[in-house]
Amino acid sequence: MKLSRERAEQLALEYVNKDKNHNFKLELIEVEVSKISPKYWAATFEVRTSEGDILEGPLLILVDDDFEKAMSLDEAVESHMADRE
(Lines give C-alpha, C1' and ligand atoms only; values in the text may rest on other atoms or scores of the structure.)
Protein backbone atom coordinates (compact mmCIF):
# COMPACT_ATOMS: atom_id res chain seq x y z
CA MET A 1 0.00 0.00 0.00
CA LYS A 2 1.33 3.39 -0.98
CA LEU A 3 -1.02 5.38 1.24
CA SER A 4 -0.65 5.38 4.99
CA ARG A 5 -3.69 4.57 7.12
CA GLU A 6 -3.69 8.20 8.30
CA ARG A 7 -3.75 9.56 4.72
CA ALA A 8 -6.55 7.14 3.75
CA GLU A 9 -8.51 8.31 6.80
CA GLN A 10 -7.97 11.96 5.84
CA LEU A 11 -9.20 11.35 2.26
CA ALA A 12 -12.28 9.48 3.53
CA LEU A 13 -13.11 12.27 5.98
CA GLU A 14 -12.73 14.91 3.26
CA TYR A 15 -15.06 12.87 1.03
CA VAL A 16 -17.85 12.52 3.59
CA ASN A 17 -17.54 16.14 4.76
CA LYS A 18 -17.82 17.71 1.30
CA ASP A 19 -21.64 17.47 1.38
CA LYS A 20 -22.11 17.84 5.11
CA ASN A 21 -25.70 17.69 6.36
CA HIS A 22 -26.69 19.23 9.70
CA ASN A 23 -29.45 16.63 10.29
CA PHE A 24 -26.94 13.83 10.78
CA LYS A 25 -23.25 13.26 11.34
CA LEU A 26 -20.86 10.56 10.27
CA GLU A 27 -18.68 9.06 12.96
CA LEU A 28 -15.54 7.24 11.82
CA ILE A 29 -15.35 3.73 13.27
CA GLU A 30 -12.35 2.19 11.53
CA VAL A 31 -9.94 2.38 8.60
CA GLU A 32 -8.39 -0.85 7.33
CA VAL A 33 -7.22 -2.50 4.14
CA SER A 34 -10.39 -3.55 2.33
CA LYS A 35 -11.49 -7.17 2.37
CA ILE A 36 -13.08 -6.52 -1.05
CA SER A 37 -9.79 -5.69 -2.75
CA PRO A 38 -6.32 -4.96 -1.35
CA LYS A 39 -6.14 -2.01 -3.77
CA TYR A 40 -8.51 -0.10 -1.46
CA TRP A 41 -8.56 1.18 2.08
CA ALA A 42 -12.01 0.79 3.68
CA ALA A 43 -13.26 3.53 5.99
CA THR A 44 -16.35 2.59 7.99
CA PHE A 45 -18.65 5.28 9.40
CA GLU A 46 -21.73 5.19 11.63
CA VAL A 47 -24.54 7.51 10.54
CA ARG A 48 -25.95 9.30 13.59
CA THR A 49 -28.68 11.85 14.15
CA SER A 50 -27.73 15.23 15.60
CA GLU A 51 -28.86 13.80 18.98
CA GLY A 52 -26.36 10.93 18.64
CA ASP A 53 -28.73 8.05 17.81
CA ILE A 54 -27.64 5.60 15.10
CA LEU A 55 -29.66 6.37 11.98
CA GLU A 56 -28.61 3.51 9.73
CA GLY A 57 -26.03 0.75 9.38
CA PRO A 58 -22.41 1.45 8.66
CA LEU A 59 -21.47 3.50 5.61
CA LEU A 60 -18.44 2.18 3.74
CA ILE A 61 -16.13 4.58 1.90
CA LEU A 62 -13.32 3.12 -0.19
CA VAL A 63 -10.05 4.92 -0.81
CA ASP A 64 -8.20 3.85 -3.96
CA ASP A 65 -4.57 3.36 -3.01
CA ASP A 66 -3.29 3.93 -6.58
CA PHE A 67 -5.24 7.12 -7.31
CA GLU A 68 -5.52 8.45 -3.74
CA LYS A 69 -9.25 8.97 -4.29
CA ALA A 70 -12.13 8.31 -1.90
CA MET A 71 -15.43 7.00 -3.25
CA SER A 72 -18.64 5.28 -2.28
CA LEU A 73 -19.02 1.56 -2.80
CA ASP A 74 -21.30 2.26 -5.78
CA GLU A 75 -18.70 4.54 -7.36
CA ALA A 76 -16.01 1.87 -6.87
CA VAL A 77 -18.17 -0.77 -8.57
CA GLU A 78 -18.91 1.60 -11.48
CA SER A 79 -15.19 2.36 -11.83
CA HIS A 80 -14.32 -1.33 -11.76
CA MET A 81 -16.95 -2.14 -14.42
CA ALA A 82 -15.72 0.71 -16.65
CA ASP A 83 -12.14 -0.60 -16.37
CA ARG A 84 -13.27 -4.03 -17.53
CA GLU A 85 -14.91 -2.70 -20.70
Side-chain angles (χ1 to χ4, degrees):
M1 303 294 287
K2 295 187 300 187
L3 289 174
S4 67
R5 180 179 314 277
E6 292 78 17
R7 178 67 177 140
E9 179 179 320
Q10 178 186 16
L11 290 168
L13 287 167
E14 288 172 5
Y15 180 84
V16 299
N17 286 323
K18 71 180 178 185
D19 295 322
K20 205 166 189 172
N21 185 318
H22 296 290
N23 297 323
F24 64 88
K25 63 181 180 174
L26 296 171
E27 187 175 296
L28 181 64
I29 300 170
E30 174 178 35
V31 177
E32 63 184 356
V33 175
S34 173
K35 292 174 178 71
I36 296 169
S37 170
K39 128 179 192 163
Y40 296 106
W41 285 94
T44 308
F45 292 85
E46 283 184 338
V47 182
R48 294 186 173 267
T49 65
S50 55
E51 292 81 28
D53 300 319
I54 294 178
L55 189 59
E56 61 182 63
L59 171 67
L60 180 66
I61 300 299
L62 297 175
V63 179
D64 188 306
D65 191 62
D66 293 331
F67 297 108
E68 297 188 26
K69 179 183 176 191
M71 62 193 81
S72 69
L73 184 56
D74 289 342
E75 291 170 326
V77 169
E78 288 174 15
S79 175
H80 178 73
M81 297 304 288
D83 289 346
R84 294 183 66 182
E85 294 176 353

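Bear in mind that the values here come from a model prediction, so they are computed numbers and not experimental data.
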Test of understanding: clusters of I, L, V, M, F, W, Y form through side-chain heavy atoms closer than 4.5 Å, transitively. Do [X] and [Y] belong to the same one?
X	Y	result
Leu73	Leu11	no
Val16	Leu60	no
Ile61	Leu28	yes
Val31	Ile29	no
Leu62	Leu13	no

Please name the pair of heavy atoms, one in [X] and one in [Y], separated by the smallest distance, quoted to 0.1 Å.
X	Y	answer
Arg48	Glu46	NH2-OE1, 2.7 Å
Leu3	Asp65	N-OD1, 2.8 Å
Arg5	Trp41	NH1-CZ3, 3.6 Å

Self-check item: Donor-acceptor under 3.5 Å (Asp53 side chain, Thr49 main chain)
Solution: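 Answer holds: no.
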
Quiz item: Hey, does the side chain of Ser72 reach the backbone of Glu75 with a donor-acceptor pair shorter than 3.5 angstrom?
Solution: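 Side chain of Ser72 to backbone of Glu75: a pair is present.
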
Practice problem: Go through the steps to decide whether Leu26 and Val47 satisfy the test side chain to side chain contact (heavy atoms under 4.5 Å, CB included), and finish with yes or no. | Solution: CA-CA 5 Å; Leu26 296 171; Val47 182; 3.4 Å; yes

Quiz item: What's the spacing between Glu9 CD and Ser4 OG if we round to 0.5 Å?
Solution: 9.5 Å

Practice problem: Show the numbers, then the answer: is there a side chain to side chain contact (heavy atoms under 4.5 Å, CB included) between Asp66 and Lys2? | Solution: CA-CA 7 Å; Asp66 293 331; Lys2 295 187 300 187; 4.1 Å; yes

Quiz item: Checking side chain to side chain contact (heavy atoms under 4.5 Å, CB included) for the pair Val63/Tyr40: CA distance, chi angles, key distance, verdict?
Solution: CA-CA 5 Å; Val63 179; Tyr40 296 106; over 6 Å; no

